[in-house]
Enquirer: 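One structure, pasted below without further comment.
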Amino acid sequence: MTKDGVRREVRGRLRALSAKERAAAEVEIARRVWEVPQVADARVLMLYASMPGEVGTDAIATEAARRGITLVYPRCLEDRRLSLHVVDALDRLRPGRYGIREPDVDACPVHEVAAVDAALIPGLAWDRAGNRLGRGAGYYDRLLADPEWRGFRCGLFFSIQEFPAIPHDPWDAPMHAIVTEAAIVSP
């Protein structure tokens, strides 16, 4: 199956997921993510503000802040790259490019890519080899290809987003772990 074929199929699976199923899965993912040592031990954790169909991260952000972890969120730039910004409260996220909540640039200082210990990364599909398929714009691929990137890469997905094999290219950075409501997969 092609990348576009996988995207079409997983979007259908996500539409079939009820609000009750989604909410229960997100609670379990938010609990289970702290079982990943590299996430639990991070001093600086990169999160994303979820789009429709992605695992929500607000509960994870609240717990990370309670643990004293510095949170950074990405902001989409015009050149299809991401800048990272320290976010000390969820109300500092504002609708940005594509309608995604992003850091308020006036209130959230830029953070160095090299200083991220772990990142929670969204996507549309995943496989047990750690491959992830995003929406196709390559924002995360560019970030993870940055020579300064050193952080642990952890994908957050619903188990229904798993595929036997995700088509991938040489520049696609595999995840070090995948967390779903059903399991933690470490390729």
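The figures here come from the full heavy-atom set of this structure, side chains too, leaving out hydrogens, waters and symmetry mates.
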Enquirer: Can you classify the ring geometry of Phe157 versus Trp126 as parallel (below 30°), tilted (30 to 60°) or perpendicular (above 60°)?
Expert: tilted
Enquirer: Same hydrophobic cluster for Val110 and Met46, using side-chain heavy-atom links shorter than 4.5 Å among ILVMFWY?
Expert: no
Enquirer: Is any side-chain heavy atom of Ile100 closer than 4.5 Å to a side-chain heavy atom of Tyr48?
Expert: no
Enquirer: If Ile, Leu, Val, Met, Phe, Trp and Tyr residues are connected whenever their side-chain heavy atoms lie under 4.5 Å apart, and connections chain through other members, are Val6 and Met51 in the same group?
Expert: yes
Enquirer: I want to check something: taking the side chain as every heavy atom from C-beta on, are Tyr73 and Glu102 in contact at a cut-off of under 4.5 Å?
Expert: no
Enquirer: Quick one, Val87 and Val72 - any side-chain contact, counting heavy atoms below 4.5 Å?
Expert: no
Enquirer: For atom CZ of Arg43, is the number of surrounding heavy atoms from other residues, nucleotides or ligands below 6.0 Å larger than 12?
Expert: no
Enquirer: Check whether Asp127 reaches the backbone of Ile166 with its side chain - one donor and one acceptor, N or O, closer than 3.5 Å.
Expert: yes
Enquirer: Regarding Arg135 and Glu54, does a basic nitrogen lie under 4.0 Å from an acidic carboxylate oxygen?
Expert: yes
Enquirer: Return each pair, listed once, that meets salt bridge (Lys or Arg N to Asp or Glu O under 4.0 Å) where at least one residue sits in residues 142-167; pairs must be two or more places apart or across chains.
Expert: Arg128-Glu162
Enquirer: Indicate yes or no: at least one non-hydrogen side-chain atom of Val86 is less than 4.5 angstrom from one of Cys108.
Expert: no
Enquirer: State yes or no: are the ring centers of Phe152 and His176 separated by less than 6.0 Å?
Expert: yes
Enquirer: For Ala118 and Ala42, work out which heavy atoms get closest and say how close.
Expert: CB-CB, 4.1 Å
Enquirer: Quick check: is Val113 connected to Leu77 through a chain of hydrophobic side chains (ILVMFWY, heavy atoms under 4.5 Å apart)?
Expert: no
Enquirer: Just to verify, which of Thr180, Val10, Ile29 counts as forming a side-chain contact (heavy atoms from CB on, under 4.5 Å) with Phe158?
Expert: Ile29
Enquirer: Within this structure, what is the OG-CD1 distance for the pair Ser186 and Ile178, rounded to the nearest 0.5 Å?
Expert: 9.5 Å
Enquirer: Rounded to the nearest 0.5 Å, how far does CG of Asp88 lie from OG1 of Thr70?
Expert: 9.5 Å
Enquirer: Is the backbone N or O of Asp169 less than 3.5 Å from a side-chain atom of Asp172, with the two atoms forming a donor-acceptor pair by type?
Expert: yes
Enquirer: Side-chain heavy atoms under 4.5 angstrom apart, residues restricted to Ile, Leu, Val, Met, Phe, Trp, Tyr: same cluster for Leu124 and Leu17?
Expert: yes
Enquirer: Quick one: closest heavy-atom pair of Cys154 and Val179, and the distance?
Expert: SG-CG2, 3.6 Å
Enquirer: Any sub-3.5 Å donor-acceptor pair from Glu26's side-chain atoms to Val55's backbone N or O?
Expert: no
Enquirer: Of all the heavy-atom pairs spanning Leu71 and Ala61, show the shortest one and how long it is.
Expert: CD1-O, 3.6 Å
Enquirer: Can you check whether Ile60 reaches Leu156 side chain to side chain, under 4.5 Å on heavy atoms?
Expert: yes
Enquirer: Do Pro167 and Thr2 have side-chain heavy atoms sitting under 4.5 Å apart?
Expert: no
Enquirer: Inspect the contact between Arg92 and Asp104 and indicate whether a charged nitrogen and a carboxylate oxygen are less than 4.0 angstrom apart.
Expert: no
Enquirer: In Å and rounded to the nearest 0.5 Å, what is the NE2 to CZ distance from His85 to Arg75?
Expert: 4.5 Å
Enquirer: Check whether any side-chain heavy atom of Arg31 lies under 4.5 Å from a side-chain heavy atom of Glu28, and answer yes or no.
Expert: yes
Enquirer: How far apart are the closest heavy atoms of Leu93 and Ala49, and which atoms are they?
Expert: CD1-CB, 4.2 Å
Enquirer: Would Val33 and Leu120 satisfy side-chain contact (heavy atoms from CB on, under 4.5 Å), going step by step from the backbone distance to the final call?
Expert: CA-CA 9 Å; Val33 75; Leu120 302 181; 3.8 Å; yes
Enquirer: Find the distance between CG (Leu133) and CE (Met1) and round it off to the nearest 0.5 Å.
Expert: 11.0 Å
Enquirer: So do the side chains of Pro122 and Tyr140 get within less than 4.5 Å of each other, counting heavy atoms only?
Expert: yes
Enquirer: If hydrophobic clusters are built by linking Ile, Leu, Val, Met, Phe, Trp and Tyr wherever their side-chain heavy atoms come under 4.5 Å apart, do Ile184 and Trp34 end up in the same one?
Expert: yes
Enquirer: So that I can tick it off, tell me whether Arg81 and Asp141 are bridged by a salt bridge, with the cut-off set at under 4.0 angstrom between side-chain N and carboxylate O.
Expert: no
Enquirer: Enter the distance from Thr62:OG1 to Arg66:CZ here, rounded to the nearest 0.5 Å.
Expert: 11.0 Å
Enquirer: Once rounded to the nearest 0.5 Å, what's the spacing between atom OG of Ser83 and atom NE2 of His111?
Expert: 12.5 Å
